[in-house]
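To start, the structure under review is shown below, and the notes come after it.
Numbers here simply count residues along the sequence, with the first being 1. Keep in mind it's a predicted model, so treat the numbers as computed, not measured.
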Amino acid sequence: MIIAYGVANLLQSIAATRTTVHHTFDPGLLLKLAGHRAYLVGLGCQIIGFVLAFLARRDLPLFLVQASVAAGLGVTAVLGVVLLKWRLPLAEIALITVLFGGITALIMSARPAPARPLPLAGVIALGVAVLVIGFLGFFAVRLHGPPGSVALGSLAGIAFSAAAVAARPLASMHTAAEFLAHPLLYLLIIHSIVGQLLLGLAMQRGSTTAAVAAMDAAGAVPAAIVGLLLLGDRIWPGREWLATLGFVVTLLAVIGLTRFAEPQHHHETAPVRKRVPPPQANYVPLKVASERSQN
């Protein structure tokens, strides 16, 4: 699962930076990205990671699963440095390390437990969340550079977090009919599509590590809270302080990436064509032509 998500992030980043930058919340970006083989292969890897994560959510709390998904960032960074010659500044490396420290604290504090059904109010909240995320994305897409990567990546993380919340009870269903008829399935699909669009927009801003780190952090924290409050997730007794520390460290690392993360890709821009005036050889001013006709 970790490797699948790491490879998916890298391949989707390559495709996103080869596509014209979108400055509007346009779903058409997904169609353009689908025209790149790298994106399709990356999407396939992401689907594999999603299926493995879905199966893990049946018995494991969202703490553990979301933290494991976030670990894919390390795979992405290593592959980017080795294959694409990315240059990660020391500040960014340090912040990624701190981010992993916060996620590790979440892992250590989580206690496995079976999922409880999500209350109707929770299902409605997931539906409202789609509208809120789309509204915020409409404005966040106007940001450029690392701040845009972090803002859009964070919104993508919240969308994927909502999808994870929907997936936890779904994974515990026993029959296909119950699974297909449940509204959580369709909320999961909608949130996943919105998250995919936001992630593509975030990666177009140039900083893959900032986008993915923000996505992972924003996706881990809300899912963990909802899991604890509504889905039966548990913290090991005596480790509540560790969970709190993990939340704080993770959020601080994301804020730091907003300032220190640097673009790893540059979009190619088409050369500006100079306007060539029309040939003047046969051009005769109207006044001169009139004088010639009188003579």
Side-chain angles (χ1 to χ4, degrees), residues 5 8-10 12-13 15-17 19-30 32-33 46 66 69-70 72-73 76-77 80 86 88-89 91-92 94-96 98-99 102-103 126 128-165 190-225 247-267:
Y5 273 111
N9 292 334
L10 182 72
Q12 291 176 3
S13 171
T17 55
T19 306
T20 304
V21 178
H22 280 224
H23 301 289
T24 59
F25 194 62
D26 182 10
L29 173 63
L30 294 178
K32 292 183 179 180
L33 290 173
Q46 186 170 359
Q66 296 306 103
V69 171
L73 176 61
T76 302
W86 286 358
L88 300 181
E92 190 169 345
L95 287 169
I96 292 175
V98 171
L99 176 64
I103 294 173
L126 289 180
V128 174
V130 174
L131 301 178
V132 175
I133 293 170
F135 177 77
L136 295 176
F138 178 80
F139 295 99
V141 76
R142 303 178 184 180
L143 299 175
H144 304 283
S149 293
V150 172
L152 290 165
S154 297
L155 289 174
I158 296 173
F160 286 130
S161 179
V165 169
I190 294 172
H191 274 288
S192 297
I193 293 174
V194 171
Q196 199 67 28
L197 172 60
L198 288 165
L199 179 59
L201 291 168
M203 288 180 169
Q204 281 197 324
R205 270 63 190 166
S207 180
T208 298
T209 53
V212 176
M215 178 188 70
D216 290 338
V221 175
I225 294 175
F247 287 139
V248 174
V249 169
T250 299
L251 292 176
L252 290 178
V254 172
I255 295 173
L257 281 170
T258 305
R259 178 177 180 182
F260 292 106
E262 296 182 2
Q264 291 143 346
H265 303 287
H266 299 279
H267 286 272

Does some side-chain heavy atom of [Y] sit less than 4.5 Å from a side-chain heavy atom of [X]?
X	Y	value
Gln12	Leu33	no
Met215	Leu198	no
Val150	Leu143	no

TODO: Supply the atom-to-atom distance Leu197 CG to Ser192 OG, rounded to the nearest 0.5 angstrom.
DONE: 12.5 Å
Looking only at heavy atoms, which two atoms of [X] and [Y] are closest? And how far apart?
X	Y	answer
Gln46	Phe160	NE2-CZ, 3.9 Å
Ala211	Ala202	CB-CB, 3.7 Å
Ala218	Ser161	O-CB, 4.3 Å
Leu155	Ile133	O-CG2, 4.0 Å
Leu152	Gly137	CD2-O, 4.4 Å
Ala140	Ala151	CB-CB, 4.3 Å

Task: The single option from Val212, Asp216, Val69 passing side chain to side chain contact (heavy atoms under 4.5 Å, CB included) against Tyr5 - done: Val69
Open item on the list: Looking at Leu126, is its backbone amide N or carbonyl O close enough to the side chain of His191 to form a donor-acceptor pair, meaning the two atoms are under 3.5 Å apart?
Closed with: yes
